[in-house]
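Following: one structure in structure tokens, then a few remarks.
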Amino acid sequence: MEQRYDPRKIEAKWQKYWEDNDLFAVKEEPGKQKYYLLEMFPYPSGKIHMGHVRNYTIGDVVARYKRMRGFNVLHPMGWDAFGMPAENAAIANDTHPAKWTYDNIDAMRAQLKQMGFSYDWSRELATCRPEYYRWEQWLFLKMYEKEMAYRRESFVNWCESCLTVLANEQVEAGMCWRCGQPVRQKKLWQWFFRVTDYAEDLLLYSDRLPGWPEKVITMQKNWIGKSIGAEIRFPIASPVDKDDTEIPVFTTRQDTVCGATFMVLAPEHPLVMKLSRGTAQEAETSGFVERMALQDRSAKSLESFEKEGVYIGADCINPLTGKKIPIYTANFALMEYGTGAVMSVPAHDQRDFEFARKYGLEIVVVVSPPGQSLDPATMQEAFTGEGVMVNSGMFDGMPNTRALDEIARHLEQSNLGKKTVSFRLRDWGISRQRYWGAPIPMIHCNRCGIVPVPENDLPVLLPEDVEMLPGGKSPLPSLEAFVETSCPDCGGAAHRETDTMDTFVESSWYFERYCSPGYDRGMFDPAAVAYWMPVDQYIGGVEHAILHLLYSRYYTRVLREMGLVDFKEPFTRLLTQGMVCKETLSCPEHGFLLPDEIKDDGEVRRCIKCGHQVTVGRIEKMSKSKKNVVDPNVLLDKYGADTTRLFCLFAAPPERDLEWSEQGVDGGYRFLNRVWRFYTDWVRRVASVKAFSGSPESLDGAVKELYRKTHQTIVKVTDDIEQRFHFNTAISAVMEMFNHMSGFEPDDAMEDTLMVMRCAMDNMALLLSPIVPHFAEELWLALGNTTSILELPWPTASDSALEKEELLIVVQVNGKLRSRFSVNADTDDETVKEKALADERIQKFISDRPIKKVILVKNKLVNIVV
RNA sequence: GCCGAAGUGGCGGAAUUGGUAGACGCGCCAGACUCAAAAUCUGGUGGACCUUGCGUCCGUGAGAGUUCGAUUCUCUCCUUCGGCACCA
């Protein structure tokens, strides 16, 4: 053992050893229990960041731990390699997205290897490779056959800066999730996956994912957004033709149907222009509709958003009251939700109320709050609570909660409507007008229409000999060699689909591909998937709570429908780790500052450019733009992988945000150094000694204490990793044990003493091995072992070592701690009570007050109530 | 506005089932080693008070409640963070 701890030397050495001996490569072993541990694969941006380091460190501890527990652990890594940054970088640096991507992958792979993660690198995959995406195209064809994939013209979220379409999930508060620019509505022909077919099932199974954080499940449920209500058909007063004689609406408040005094259609609703044509309102209506089409989606989400609308010049009939009510179109009605039409009940819906007040529309109260009556003329806001039905004919006097059912039944019987559910979730638009993605395997033939590429012609290769266009427009549509083709059906001239698939399609099945990454007869080898899937533990950022995790759940259902897998849920347990945060530093003149843009003159920190005092800002998620990032490479150089890992695990439990602290990292480094020095001191003395394994009864004093502490620590660390993934407390337990060891000064060097120390040193190396693997290997080697610590099983505690012959009993008077004493472990309860009552200090507190009650918690506490 | 999570020393965080609040680490203070410093090692470190004791009182965002006993359970409120937000 070297005198000095030199992480760079030992880390390189062990990484080579693991790699040369292929220690993390696994295969299916039917006799052995499998454990599939997966961390979300990264986008190959060029460099790993602290978020990756944290995520993958957490995963690696679990993988290594499970491996020591005897599981056959699948722990793969790969690259989510399609996507826009590659195109942008290619344009900026005059290179090709493929080259940029593959270079980045090489760089990041090297970094991950330097961290010492236990991946089975033989399973590495990159989603941009044809071997990968050809199977995604294959599944697309199958989905097309089953009408699970379809094409339609629709209004889509369009980002002007990315020049592409976004799924609803990818629009955040009206802005593009990637670039933050406003999203506009644009009408385009698009490919969709019919996710809505599974809305009910996805929702149902949300409650059957006990290993998922409640937060994520709630977010998914809200996203799916199930509403139970009714569809009611409102006849059009003067229909223009036979096709459209009524307008269906969706409502969750069918009890208020008699209070519906006007109808609102979304501006894009086809009936808006159809009904207003030829009326006096036509010009105003079409002007409004056009204006609305240009309105930013971002504006709609603003608080100040003004509700506006126009009368379209047509009316319909309230089916229950028979009254004629006007039809409006307004900006708050959404074409994508329900039927795109709203029956407006101003008395009982705040939004409708505001609209009615603004345009002077009639308000009819149909639910009266208990014990009072509402006057439409003086109401200040809509009444949305429970009450009694009024102005509703035969339903008057009924509680509205009952009318909800009764009216629904009545509508159904009279053939005016039906009970139904509506979902907020919409079909997944997967078309992207981008180059760097998997081509959608479809052909447009002038004669035959849309024709799928025959299975034998797969993959539809993404051409690599392209010139990237400035501005970021996809080069595919103008690439004749790609576009021009012949129709598989009629042989005539045809052109290829030039849209590529959303990259979230790739990440919806990569975990299955890992099971048999080289498989060339299908998406994956069914036997391998049957063995490894589902993923036992998935770890990643909460930012994917909806997007990736919901898509993956959906895609798994598709695979199941196709008979390719026999499970519904891909991820049994999910851990969403917190963000890595750091304070921001800024200068009033130069904005955010990096640490090396600051000079410290001893008293205050100043901007290196202008000398202004530096402002210490909030602690925020590390981001390049805020310049509060820490480069993992710098840490690796300065401290090595083990210290970096140790700090990431020690500073906070995984689900919480981690606040970066340079001093904390330093503390971790010091701990490893202390342990190193301790081993260099002791290793010679215990080298030829076996670890103590006899009966603890033969030990006493500090020796026995150390032996017990060792076993207590095994229990604690095992529990923390196994039950809760609380590595921070596992590490502090090991630190405690080490404090015990370093304070251990035996009176004699009896053999037992050395054997107990040897036992502690062996176990400490084992307990640390998932956390700081290189370091632990080196300790293990120093102890005279010749095999890798990886070959050893996880230690187990012996019950006899844990037994205590003395127990500490605390004594309370009226719930306040007053005294404590120890007793033999076999002392009976009565004796403990007596001893507590007899205690001098307790007597002082009781004085002459009568004792009302004595509560005894076994082996722990006595509380005397006076 | 709705839903969810969190709030504990100077700081990160412990306290797993209602039973010794502050483990472990950082920082700070004192001491040892040193010509000196760094590194390292040892000890101390929630607050207040005094009679300096194995002392008393206070203390887990605020207030109430349940309980012999509450960081933990219940209610109300405050703050912070996250998600959703015209979803009919």
Q.
Heavy atoms only, 4.0 Å cut-off, all strands: where does G667(A) land among base, sugar-phosphate and nothing?
A. sugar-phosphate
Q) OP1 or OP2 of A88(B) sitting under 4.0 Å from any side-chain N/O of K307(A)? A) no
Q. When you check the gap from the basic side-chain N to the acidic O, do K626(A) and E620(A) get nearer than 4.0 Å?
A. yes
Q.
Just the rounded figure in Å: distance from C1' of C26(B) to CH2 of W660(A).
A. 14 Å
Q) Side-chain N or O of R424(A) less than 4.0 angstrom from OP1 or OP2 on A85(B)? A) yes
Q | Pairs touching residues 213-223 of chain A that satisfy side-chain hydrogen bond (donor to acceptor under 3.5 Å, both in side chains), sequence neighbours left out | A | E169(A)-W223(A), D207(A)-K221(A), Q220(A)-R553(A)
Q: Tell me what F845(A) touches on the nucleic acid: a base, only sugar-phosphate, or nothing, going by heavy atoms under 4.0 Å.
A: sugar-phosphate
**Q.** K638(A)/E662(A) ion pair, N-O < 4.0 Å
**A.** yes
Q) Does G9(B) adopt a syn or an anti glycosidic conformation, taking syn as a chi angle within 90° of 0? A) syn
Q. Salt bridge between E736(A) and K709(A), side-chain N to carboxylate O under 4.0 Å?
A. yes
Q: Please work out if R618(A) contacts a base, only the sugar-phosphate, or nothing of the nucleic acid, heavy-atom cut-off 4.0 Å.
A: sugar-phosphate
Q.
Taking any heavy-atom pair under 4.0 Å as a contact, classify I731(A): base, sugar-phosphate, or nothing.
A. nothing
Q. Using a cut-off of 4.0 Å on non-hydrogen atoms, how would the nucleic acid contact of K716(A) be classed: base, sugar-phosphate, or nothing?
A. base
Q: Classify the nucleic acid contact of Q812(A) as base, sugar-phosphate or nothing, counting any heavy atom under 4.0 Å across all strands shown.
A: base
(Q) One thing to verify: whether R708(A) and E705(A) come together as a salt bridge, which I'm taking to mean a side-chain N less than 4.0 angstrom from a carboxylate O. (A) yes
(Q) If I take atom CG in residue L404(A) and atom P in nucleotide A88(B), what distance separates them, rounded to the nearest angstrom? (A) 13 Å
**Q.** Touch class at under 4.0 angstrom, heavy-atom based, for V865(A) against every strand present
**A.** sugar-phosphate
Q.
Please tell me if R818(A) has a side-chain N or O lying less than 4.0 Å from either OP1 or OP2 of C57(B).
A. yes
Q) Heavy atoms under 4.0 Å, any strand shown: does K852(A) hit a base, just sugar-phosphate, or nothing? A) nothing
Q | Interatomic distance where CZ belongs to R841(A) and C1' belongs to C54(B) [whole Å] | A | 5 Å
Q. Relative to each other, are the rings of W682(A) and F744(A) parallel, tilted or perpendicular (30° and 60° limits)?
A. tilted
Q) Is the shortest distance from a Lys or Arg side-chain nitrogen in R724(A) or D719(A) to a carboxylate oxygen in the other one below 4.0 Å? A) no
Q: Scan residues 720-729 of chain A against RNA chain B and write down, sorted by residue number, each residue with any heavy atom closer than 4.0 Å; if none is found, say none.
A: D720(A), R724(A), N728(A), T729(A)
Q) Salt bridge between K716(A) and D720(A), side-chain N to carboxylate O under 4.0 Å? A) yes
Q.
Whether N859(A) contacts G19(B) is assessed here as follows: a side-chain N or O lying under 4.0 Å from the phosphate OP1 or OP2. Is that the case?
A. no
Q: Determine: side-chain N/O of K853(A) to OP1/OP2 of C68(B), distance under 4.0 Å, yes or no.
A: yes
Q. Base, sugar-phosphate, or nothing for N739(A), non-hydrogen atoms under 4.0 angstrom?
A. sugar-phosphate
Q.
Rounded to whole Å, how long is the line connecting atom CD1 of I619(A) with atom P of G82(B)?
A. 14 Å
Q) Counting just side-chain N and O atoms, does R656(A) come under 4.0 Å of either OP1 or OP2 of G12(B)? A) no
(Q) Any carboxylate oxygen within less than 4.0 angstrom of a Lys/Arg side-chain nitrogen, looking at D839(A) and K835(A)? (A) no
**Q.** P-based separation of G27(B) from A39(B) [nearest Å]
**A.** 9 Å
(Q) Just to be sure I understand the rule, does K860(A) reach a base, reach only the sugar-phosphate, or reach nothing, if contact means heavy atoms closer than 4.0 Å? (A) sugar-phosphate
Q.
Check this one for me: any side-chain N or O of R670(A) less than 4.0 Å away from OP1 or OP2 of C26(B)?
A. yes
Q: Output yes when at least one side-chain N/O atom of R351(A) is less than 4.0 Å from OP1 or OP2 of C87(B), else no.
A: yes
Q. Think S661(A) has a side-chain N or O under 4.0 angstrom from the OP1 or OP2 of C11(B)?
A. no
Q: Using only heavy-atom distances, determine whether the side chains of Q712(A) and H740(A) contain a donor-acceptor pair under 3.5 Å.
A: no
(Q) Could you check whether D642(A) and Y669(A), counting side-chain N and O atoms only, form a donor-acceptor pair closer than 3.5 Å? (A) no
Q) If you write RNA chain B from 5' to 3' in dot-bracket form, with Watson-Crick or G-U pairs under 3.5 Å, [ ] for crossing pairs and | for pairs with another strand, what do you get? A) (((((((..(((......[....)))((((((.......))))))(((((..).))))..(((((..]....))))))))))))....
